[in-house]
Student: 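For reference, the structure I am asking about is given below.
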Number of protein chains: 2
Amino acid sequence: MGHHRDDVLAHAVELLDTHGLGALTMRRLGTELGVQPSAIYHHFANKQTLLAAVADEILASRPAATASSWPDRVRETCAGLRTAMLDCTDGADVVATVWAFGLGAHGPADELVAVLVEAGADDELAAVASRTLLHYVFGHAFEEQTARQAIAAGAVDRTLDSLPDFDLGLELVIDGLRSRLSA
Amino acid sequence: MGHHRDDVLAHAVELLDTHGLGALTMRRLGTELGVQPSAIYHHFANKQTLLAAVADEILASRPAATASSWPDRVRETCAGLRTAMLDCTDGADVVATVWAFGLGAHGPADELVAVLVEAGADDELAAVASRTLLHYVFGHAFEEQTARQAIAAGAVDRTLDSLPDFDLGLELVIDGLRSRLSA
DNA sequence: ACCTGAACACCGTTCAAGT
DNA sequence: ACCTGAACACCGTTCAAGT
């Protein structure tokens, strides 16, 4: 048929978004593209590499932070990251896993480090704080998205109104950061 | 052979610890117990239920927090949780996933909420802060454990000395919490 | 450059039936 | 109460070979 890497990647993202991570299979991807499973390996070395590219695609849709104060820029970056992940089925799972493996884009991490250094943090604080913020955003988004699906599937009974208080937890970390930056 | 639920669970934990999450399979578990795969379903409804029980087992080894001040109790609880997860291969992955699904023990969460309420937090702050702390601990442990394995497997080249600065990030959150509690 | 066909070594889960 | 045997509907990955 003559597909390119980008065709395969775009289809993988669509498959993830419409049917979830469980449906994003090398075999199913091949079938939907009208091609043998093994043909996918011509474009991606393995599934992990494909998932890393999918994660990058999810993160590419983030808007750039525009605010002037560092707390607002941190809020913008974290909110943008969260929204990008929640906008795609199982997006938080894919992005967090790829990040933990050390693959995929460092965009959000680099952005946070830059903002914090500009705000007066030394290199160590900037590095630790950016990772702390990312762990918070990943953890919160992953739990929210997973719980929502578990409830929708009837797999578990649980309320969710207690969950999406994303901003409050973020302010907690920002407050801790503020007390370090003003010192 | 006549196994009980606890035999199966103990073997599952051992399989996880010695060979990782990829090896913790219903089929392999059956084989190692000298039993058909389908026999496992007599003890656990499905793999998710088994994983929830495994997560509870990992968390059961945590020591109780004994310190008197709330920041020290928070540090103890978080460090105990982290250690329990890191002590078992893929422990952070299993515990964080089970937690996100709303299954398994709420031990660490309940402990943190209790400590924070005792320290003067209202119910909402205690709930948000405990989840923020958990997201941080899960995220940090998952990344540390995953990165360590990815490096050991040669799947990725990355330094790790920049990672295990667990305490610094935790102090950040505790500082934010302190500024709320003293207000 | 892109793909086929076939194979290898696996999965989770169900279900009738056995003791 | 605990298990067998067999099946169903799948996986990721490799590799020689084709165009």
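A note on names: the letters A, B, ... follow the listed sequences, proteins ahead of strands, and every chain is numbered from 1. Keep in mind that this is a model prediction, so the values were computed, not measured.
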Student: Check whether any side-chain heavy atom of B:Thr97 lies under 4.5 Å from a side-chain heavy atom of A:Thr146, and answer yes or no.
Tutor: no

Student: Can you name the closest pair of heavy atoms from A:Val94 and A:Ala55 and give their distance?
Tutor: CG1-CB, 4.1 Å

Student: Find out whether B:Leu24 and B:Leu51 are in side-chain contact, i.e. whether some heavy atom of one side chain is under 4.5 Å from a heavy atom of the other.
Tutor: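 They are in side-chain contact.
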
Student: Between C:dC3 and D:dA16, how far apart are the two C1' atoms, rounded to whole Å?
Tutor: 13 Å

Student: Tell me, do B:Phe138 and A:His135 make a side-chain contact under 4.5 Å, heavy atoms counted?
Tutor: no

Student: Tell me whether B:Glu111 is salt-bridged to B:Arg62, with the criterion being a basic N under 4.0 Å from an acidic carboxylate O.
Tutor: yes

Student: Scan residues 6-14 of chain B against DNA chain D and write down, sorted by residue number, each residue with any heavy atom closer than 4.0 Å; if none is found, say none.
Tutor: none

Student: Which residues, if any, of residues 90-101 of chain A bring a heavy atom under 4.0 Å of DNA chain D?
Tutor: none

Student: Who is the Watson-Crick or G-U wobble partner of C:dT13, with both distances under 3.5 Å?
Tutor: D:dA7

Student: Under 3.5 Å for both donor-acceptor distances, Watson-Crick or wobble: does D:dG18 have a partner, and if so which one?
Tutor: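 With both distances under 3.5 Å, D:dG18 matches C:dC2.
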
Student: So, B:Glu118 and B:Arg73, do they make that salt bridge, N to O below 4.0 Å?
Tutor: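 A salt bridge is absent here (no side-chain N lies under 4.0 Å from a carboxylate O).
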
Student: Does a side-chain N or O from B:His3 land closer than 4.0 Å to OP1 or OP2 of D:dC3, or not?
Tutor: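 B:His3 to D:dC3 OP1/OP2: side-chain N or O found under 4.0 Å.
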
Student: Quick one: which of A:Asp93, A:Asp90, A:Thr89 gives a side-chain hydrogen bond (donor to acceptor under 3.5 Å, both in side chains) with A:Gln149?
Tutor: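 The option that passes is A:Asp90.
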
Student: Fit a plane to each ring of A:Tyr136 and A:Phe166, take the angle between them on a 0 to 90° scale, and name the class: parallel (under 30°), tilted (30 to 60°) or perpendicular (over 60°).
Tutor: parallel

Student: Looking at side-chain heavy atoms only, is the closest gap between B:Met85 and B:Val137 below 4.5 Å?
Tutor: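 Side chain of B:Met85 against side chain of B:Val137, heavy atoms only: contact under 4.5 Å found.
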
Student: When every nucleotide of nucleotides 6-19 of chain C is labelled 5' to 3' by its protein contacts under 4.0 Å (heavy atoms), B for base, S for sugar-phosphate only, - for none, what sequence of letters results?
Tutor: -B---BBBBB----

Student: So, do B:Glu124 and A:Asp165 sit near enough that their side-chain heavy atoms are less than 4.5 Å apart?
Tutor: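 No - every pair of side-chain heavy atoms lies 4.5 Å or more apart.
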
Student: Is B:His43 near enough to D:dC3 that one of its side-chain N or O atoms lies under 4.0 angstrom from OP1 or OP2?
Tutor: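 For D:dC3, OP1 or OP2 has a side-chain N or O of B:His43 closer than 4.0 Å.
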
Student: Expressed in whole Å, how much space separates the C1' atoms belonging to D:dC8 and C:dC10?
Tutor: 15 Å

Student: Think B:His4 has a side-chain N or O under 4.0 angstrom from the OP1 or OP2 of D:dC2?
Tutor: yes

Student: Using a 4.5 Å cut-off on heavy atoms from C-beta on, say whether the side chain of A:Leu177 contacts that of A:Leu116.
Tutor: yes

Student: Quick one: is A:His42 getting a side-chain N or O under 4.0 Å of the C:dA1 phosphate, OP1 or OP2?
Tutor: no

